[in-house]
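Residue numbering restarts at 1 for every chain, and letters A, B, ... go by the order of the sequence lines. Side-chain atoms are counted along with the backbone in the values below, which use heavy atoms only and exclude waters and symmetry mates.
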Protein chains: 2
Amino acid sequence: MSVTIYDVAKKANVSMATVSRVINGNTNVKPTTRKKVMAAIEELEFRPNAVARGLASRKTTSVGVIIPDISNMFFAELARGIEDIATMYNYHIILSSSDQNLNRELDLFDNMLEKQVDGVIFMGGSISEEHVKAFNQSNVPVVLAATVDESNQVPSVNIDYYSAITDAVHELIEKGHQKVGYVSNSIDSSIETSKVNGYQDTFKEHKLSVDSNLIYKGDDTYQSGIKAAHYFMDLDEKPTAILTSSDEMALGVIHGAQDLGVKIPDELAVIGFDNTRLSVMVRPELTTVVQPMYDIGAVSMRLLTKLLKNEDVEEDQVILPHRIIKRSSTKE
Amino acid sequence: MSVTIYDVAKKANVSMATVSRVINGNTNVKPTTRKKVMAAIEELEFRPNAVARGLASRKTTSVGVIIPDISNMFFAELARGIEDIATMYNYHIILSSSDQNLNRELDLFDNMLEKQVDGVIFMGGSISEEHVKAFNQSNVPVVLAATVDESNQVPSVNIDYYSAITDAVHELIEKGHQKVGYVSNSIDSSIETSKVNGYQDTFKEHKLSVDSNLIYKGDDTYQSGIKAAHYFMDLDEKPTAILTSSDEMALGVIHGAQDLGVKIPDELAVIGFDNTRLSVMVRPELTTVVQPMYDIGAVSMRLLTKLLKNEDVEEDQVILPHRIIKRSSTKE
DNA sequence: ATGAAAGCGCTAACAA
DNA sequence: TTGTTAGCGCTTTCAT
């Protein structure tokens with residue numbers, strides 16, 4: 001079959017324990033014997049079997065990543081952040097898309113435990129008690145990325161969604177907009193709830209009326225942005241600005257409005273959310289709320305490595321900063 | 001520690017072999033004992049250890065996926081196709097981004113072999129002899145997805161890039177365009193070479209001159225599309241149509257040209273490549289060559305499963321069909 | 001600094 | 001139909 005540690009030991013005239021020490025960088029090996037062993041490894045083209053190692057050491061150096069949809073730009077960018085840091089710390093990634101389906105999420109988590117992952121990064125719409133229970137019962141650390149657990153029991157990395165939307169609405173109100181449409185993400189996640197609350201509270205704060213007609217339930221697609229534009233432009237009391245829960249929907253809104261002859265930003269201001277690469281791939285370029293996706297992924301993975309090494313973490317509910325980047329879909 | 005097959009055996013008053021048979025769906029088990037065992041599994045919340053199973057059976061039911069960049073829409077879509085089929089056949093995916101770097105690709109491949117993956121799907125710019133050698137020396141099947149190996153030694157799934165570009169150029173020439181700019185992908189892969197050849201050959205075929213000034217070396221980004229538009233519009237003999245090697249660059253070209261006051265498609269026709277979701281997220285909507293990314297991923301994975309099960313495959317160099325979808329960035 | 005030996009949790013002959 | 005018994009290839013005490 002394939003070359004094993006035993007073959008190397010024989011060739012180098014040492015015991016397999018010594019070979020094991022060499023491949024694991026254990027310092028208790030005389031330099032000369034280390035050389036011998038290395039030579040044997042070279043010669044035999046020995047490649048350690050990670051599965052056997054995993055069984056013996058009870059560590060697989062692999063982490064599970066559960067993601068709603070890898071073909072979604074937003075999550076793909078997060079995944080890239082996760083991966084880069086994982087690579088840096090020598091972890092491998094087992095990646096699965098859940099389509100935000102509860103049972104599938106739970107199943108995937110279970111499968112990953114069977115594979116003996118050392119930890120998992122979870123991304124999803126909402127965290128139920130079932131999730132928390134599953135995470136707690138397992139004895140591997142779990143970190144939520146761009147996903148909030150309202151009970152605050154699971155370590156997580158996010159931005160402050162409520163205040164992010166608040167900032168965007170403030171911005172608009174200051175510019176004189178009184179009627180601002182909001183295109184939400186239909187998935188009823190606690191993140192979306194925070195956003196909607198932020199949106200409504202800001203109007204109340206400014207003593208402005210909150211018109212429920214001004215909230216359109218989108219589904220995070222470009223198409224639903226287009227529909228939203230049509231919906232809003234059909235209203236008797238049209239909004240003068242539209243805020244969306246994602247950049248992709250914002251592009252839809254811009255094009256939907258433009259198709260109707262509405263001038264952006266003169267007749268309608270648009271603000272997106274996320275600052276994906278899409279935001280500069282449109283005319284006018286999109287003003288948007290920056291959510292540092294790559295960083296969220298990277299920080300999540302970094303946090304997980306700390307948890308894996310039992311380093312102490314001062315804060316396991318990380319909130320990364322957000323900001324608004326002004327481009328041409330809003331005036332001035 | 002955790003519950004093992006042995007604990008279950010004791011609880012159910014059977015041998016571990018029987019438990020093993022039950023969890024592996026072996027039919028040689030009396031229904032009543034199967035029930036007993038199932039009950040014990042339930043009660044103890046037994047979860048089989050995939051690592052131990054992998055060591056004993058020499059199969060891990062996981063496949064490695066080497067991808068240039070998961071945050072690139074094109075590859076993310078491929079990955080989704082791969083993943084869906086992998087899930088269907090109960091394989092897990094170990095995913096790593098290579099950034100198209102040869103050494104990293106080779107390293108990743110090696111790491112995956114250490115992890116004892118059952119097979120790997122490889123995506124990358126170009127396949128060198130080193131790649132082929134590494135693939136052949138391993139004893140796991142490898143399938144290339146949207147990646148061509150000119151030596152045809154490695155199973156692969158692609159479209160016919162040469163003829164895809166040819167079709168696009170024909171289309172343009174038929175519409176009367178004599179000067180057609182081409183924005184290439186700088187990465188010197190054999191796919192890009194096929195495309196450039198297809199582009200040039202078509203002009204020769206029509207007895208039209210091939211002007212090397214009409215080829216702009218892009219780098220697959222939106223920005224390079226913008227630059228390409230500026231470059232072309234600055235030429236004395238401006239092209240009346242531009243073909244790009246990817247949709248993202250096509251969007252750049254459209255916007256770059258529009259920023260310069262050029263009307264699309266009246267003064268300049270634009271054709272993209274891939275038919276990513278981007279192609280409808282622009283005005284005018286983009287005419288493009290359809291490359292079925294999801295399908296390429298799915299078919300690659302399906303092919304790999306066949307290879308893994310030693311089913312015979314009639315053809316291991318799969319060419320999927322392509323077509324042109326006409327939208328509004330070209331006339332009529 | 002090195003070796004011997006006992007597992008890690010499971011599969012897969014081979015018996016019975 | 002069920003049980004016994006070797007391993008799978010490595011890590012990790014415990015000796016020496």
Close aromatic pair by centroid cut-off 6.0 Å: B:Phe122 and B:His131: yes
Spacing of A:Asn13 atom CG relative to C:dA1 atom C1', expressed in whole Å: 16 Å
DNA chain D contacts among residues 33-41 of chain B, heavy-atom distance under 4.0 Å: B:Thr33
Closest-nucleotide ordering on DNA chain D, the 5'-leading residue of B:Asn28 and B:Leu55: B:Asn28
Sub-4.5 Å side-chain heavy-atom contact between A:Met301 and A:Tyr89: no
Base versus backbone protein contacts along nucleotides 10-16 of chain C [heavy-atom cut-off under 4.0 Å; B, S, -]: BBBB---
Degree of bending, the helix from C:dA1-D:dT16 to C:dA16-D:dT1 (end axes from five pairs; round to 10°): 30°
Spacing between A:Asn26 atom CG and D:dC10 atom P, to the nearest angstrom: 17 Å
Pairwise distance OG1(B:Thr4) to CZ(B:Arg47) - rounded to 0.5 angstrom: 14.0 Å
Atom pair CG (A:Asp84) and OH (A:Tyr294), whose distance is rounded to the nearest 0.5 Å: 3.0 Å
Short side-chain N/O contact to C:dG3 OP1/OP2 from A:Thr18, under 4.0 Å: yes
Integer-rounded Å distance: C:dG9 P and B:Lys59 NZ: 23 Å
Full working for side-chain hydrogen bond (donor to acceptor under 3.5 Å, both in side chains) between A:Gln153 and A:Ser151: CA-CA 5 Å; A:Gln153 294 179 64; A:Ser151 70; 3.0 Å; yes
